[in-house]
Number of protein chains: 2
Amino acid sequence: MRTVPELIACKRDGGALTAAEIQWIIRAYTDNALPDYQMSALAMAVFFRGMSEEEMVALTLAMRDSGSVVDLSHVPGRKVDKHSTGGVGDKVSIALAPWVAACGVRVPMVSGRGLGHTGGTLDKLEAIPGFSVNTTTERFIELVATVGTGMIGQTKDVAPADKRLYALRDVTATVESVPLIVASILSKKLAEGIDALVLDVKVGRGAFMKDLDSARVLANALVRTAKGAGKDCVALLTRMDAPLGRTVGNALETAEAFAILHQRAPSDLTECTVELAIEMLVLGHAARTRDEAREKLQRALDDGSALATARRMVQEQGGDPRVVDDPSLLPATKQRHAIRAARDGSITSIDALEVGLAGVALGAGRTKSDDVVDPAVGFVFERTVGDSVRAGDVIAWVHSDDEARASHAAQRVGAAVIVGETRVEPSALVIERVE
Amino acid sequence: MRTVPELIACKRDGGALTAAEIQWIIRAYTDNALPDYQMSALAMAVFFRGMSEEEMVALTLAMRDSGSVVDLSHVPGRKVDKHSTGGVGDKVSIALAPWVAACGVRVPMVSGRGLGHTGGTLDKLEAIPGFSVNTTTERFIELVATVGTGMIGQTKDVAPADKRLYALRDVTATVESVPLIVASILSKKLAEGIDALVLDVKVGRGAFMKDLDSARVLANALVRTAKGAGKDCVALLTRMDAPLGRTVGNALETAEAFAILHQRAPSDLTECTVELAIEMLVLGHAARTRDEAREKLQRALDDGSALATARRMVQEQGGDPRVVDDPSLLPATKQRHAIRAARDGSITSIDALEVGLAGVALGAGRTKSDDVVDPAVGFVFERTVGDSVRAGDVIAWVHSDDEARASHAAQRVGAAVIVGETRVEPSALVIERVE
């Protein structure tokens, strides 16, 4: 067995670590036998040198096995989850999980909270009065077995090595490393006990990956590593230049998510959800072809089974199921403030990053992990990219009862919406598919 | 002011840190405000991205200023020191310091101990009965002012940031980084209060730098950084494939060092010492030209002033000055064991690294910093590279009273001496000069 400095030097010089060495490193790190200063030097060496597919698989499995893994083997049927790399206005999961579950695929979904400019599914779910994202593993298994889906937060004993390593990477400039991102995402997802995973890798201004090339690299690494770990996996690269859908903010987004199941959501949001759902149905063996999956999904909307599953999911997790049909039951501000077009023209872009950051400043998100979010605040866009506007038209509403913050947010979001001379056709949401 | 992760990311992405940022980092690290895990990530980023000359100067000065700096401004004359990157059999300093001092240059010399396969000047000096390398700064200044030279160990308050960073680099695979090596060497040398510095950058099997290209890079970085910090500086690249001189081991090397001043030392050792001394005299303004320096050095040997300064130095530091003329007063083993040639031929190489490691195993050096060295043990070579031998001829002697260790060392050193068919001309010791 090589010493720790020898292992770091090996990676530093472009060599590969064995699966046994990676397992040993992660176990020693979890047990506090390997100090942070050696782990951060190794992480920086990985940043520069990358990792082979074998190393990424070993790191993912070692991090998964640093904690407990949900055993869903006694629940019949395929278990498939979806993971998004994070965007602004991305409320897909809340509709996707019950919709796909209604089609016969088990969806054990462990989600995160918002941090930085991107929102988190847990915060959106908690906008529903009574809804609890904290539960025991036994209850989670029961939800997946009976409702077909459970949507919960990560428990403390899931991939503790990832929690510690992520906190270390955050303060040592080693976040932006593909192998470390891959292992962080997949270790937690694999701990859910899934058979397959669909990935939504966001690309653009409002995404972690700003350009198509780096998003492709990440998507490929994720898919290859998941497959190397024995899981079916497909990734969609989707656009995240403008916010997804028309709302940003927790309760506003939850309402818009349920609107998907009522077939009255904006087309980009619906497209994103449907494309991911199709992949889940195919990987979940609930459809043999994409066409069959699309038909089955449409049927679940038409016959009300998707909405019924959504209501049941909310109820079983302690929430008021009436919110699925009546968004007025969700928390709301008393005031809303108009953001108006300054000139005639056509909206050519909406900067998702700026909108996301304005949302955080308004109280919809967090800059620190212990910040408390306000479920009611946010933005509703009346117009989007490609729409014509006349000076004075309302482009969006700021939902907030705090005049000062609302005014600041209105200014920032107003500046993030560009009105030009020439009409721009909105681009297709799904850029490409990696499998 | 950028945050620490931003500073690490800047270096990681190939950017440069400002002098103020580097000062802040080193001060925060010394004050325990910047944790080891951020420093090791930064060190690894520096390993990959390097540092500009300005950054190296700032790092060197910041590390120097993390502790106390000797003030020699009240001692008249130029103060010049020599630093070697370390080799096997390198006892140059012990003759060089009094010799150059006898020529009118002040030589404030702070040296280190042996670690790994290379020896240390302090261990060699301590082979002299009574000699003390530990003294106060005031006494050190007095020695430089009166004797012309003082040879001491590093005090605790010299460059504490370097001590801590070096220990961290050792366990995080970030030792082999030119900017970090440069700052480590120069911060301690600049803390001596010198005006100029001559560097002996060793190249070859027995050196830290194994090949000429990397030694050149290091020498250039050292010279440019020293000059950037306002000090005159010249580096010589010298060969370290075979041990320097004919002895390895503390008392044996001290005796051989004094033999230089008696004009009866091996030619390679004398050449190395003279070439470094010439540079010191020129940088010390004791000679205008190299020829003048060479003449002045020869005069100091012929008129006995170099030997007189050596005796005075030994005496003033508590040692028995008679050792300068009578090596039999130094510690010695009772036994010596012959290493004989196995065949007729000519010595084509002697592996300095293997000889150094055999010396450590024999007790002449250290594998851990708290190992105790035996001053008497070591090797004396009767023959060197280029010499003809007949089977059965004594090539070298192992000095040791421990039969088992002696036998092991004899075997190892015997294997390190290669006897071939064709005679090899020994290469010139000085490869090139960097200024």
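Being a predicted model, the structure only gives us computed values, none of them experimental.
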### Task
Counting only heavy atoms closer than 4.5 Å, note whether B/Leu168 contacts chain A via side chain, backbone, both or neither.
side chain
Please tabulate, one pair per line, the donor and acceptor atoms of chain B and chain A that lie under 3.5 Å from each other, or say none if there are none.
residue, atom, partner, partner atom, Å
A/Arg12, NH1, B/Ala173, O, 2.7
A/Arg12, NH1, B/Glu176, OE1, 2.9
A/Tyr37, O, B/Ser40, OG, 2.6
A/Gln38, NE2, B/Val171, O, 2.8
A/Ser40, OG, B/Tyr37, O, 2.6
A/Ser40, OG, B/Ser40, OG, 2.7
A/Val171, O, B/Gln38, NE2, 2.8
A/Ala173, O, B/Arg12, NH1, 2.7
A/Glu176, OE1, B/Arg12, NH1, 2.9

### side chain to side chain contact (heavy atoms under 4.5 Å, CB included) partners of B/Ala219, counting only residues at least two apart
B/Val201, B/Ala235, B/Leu237, B/Val434
### Query
Any side-chain heavy atom of A/Ile8 sitting closer than 4.5 Å to one from B/Met44?
yes
### Task
Check A/Ala9 against B/Ala173 and note the closest heavy-atom contact, atom names and distance.
N-CB, 3.5 Å
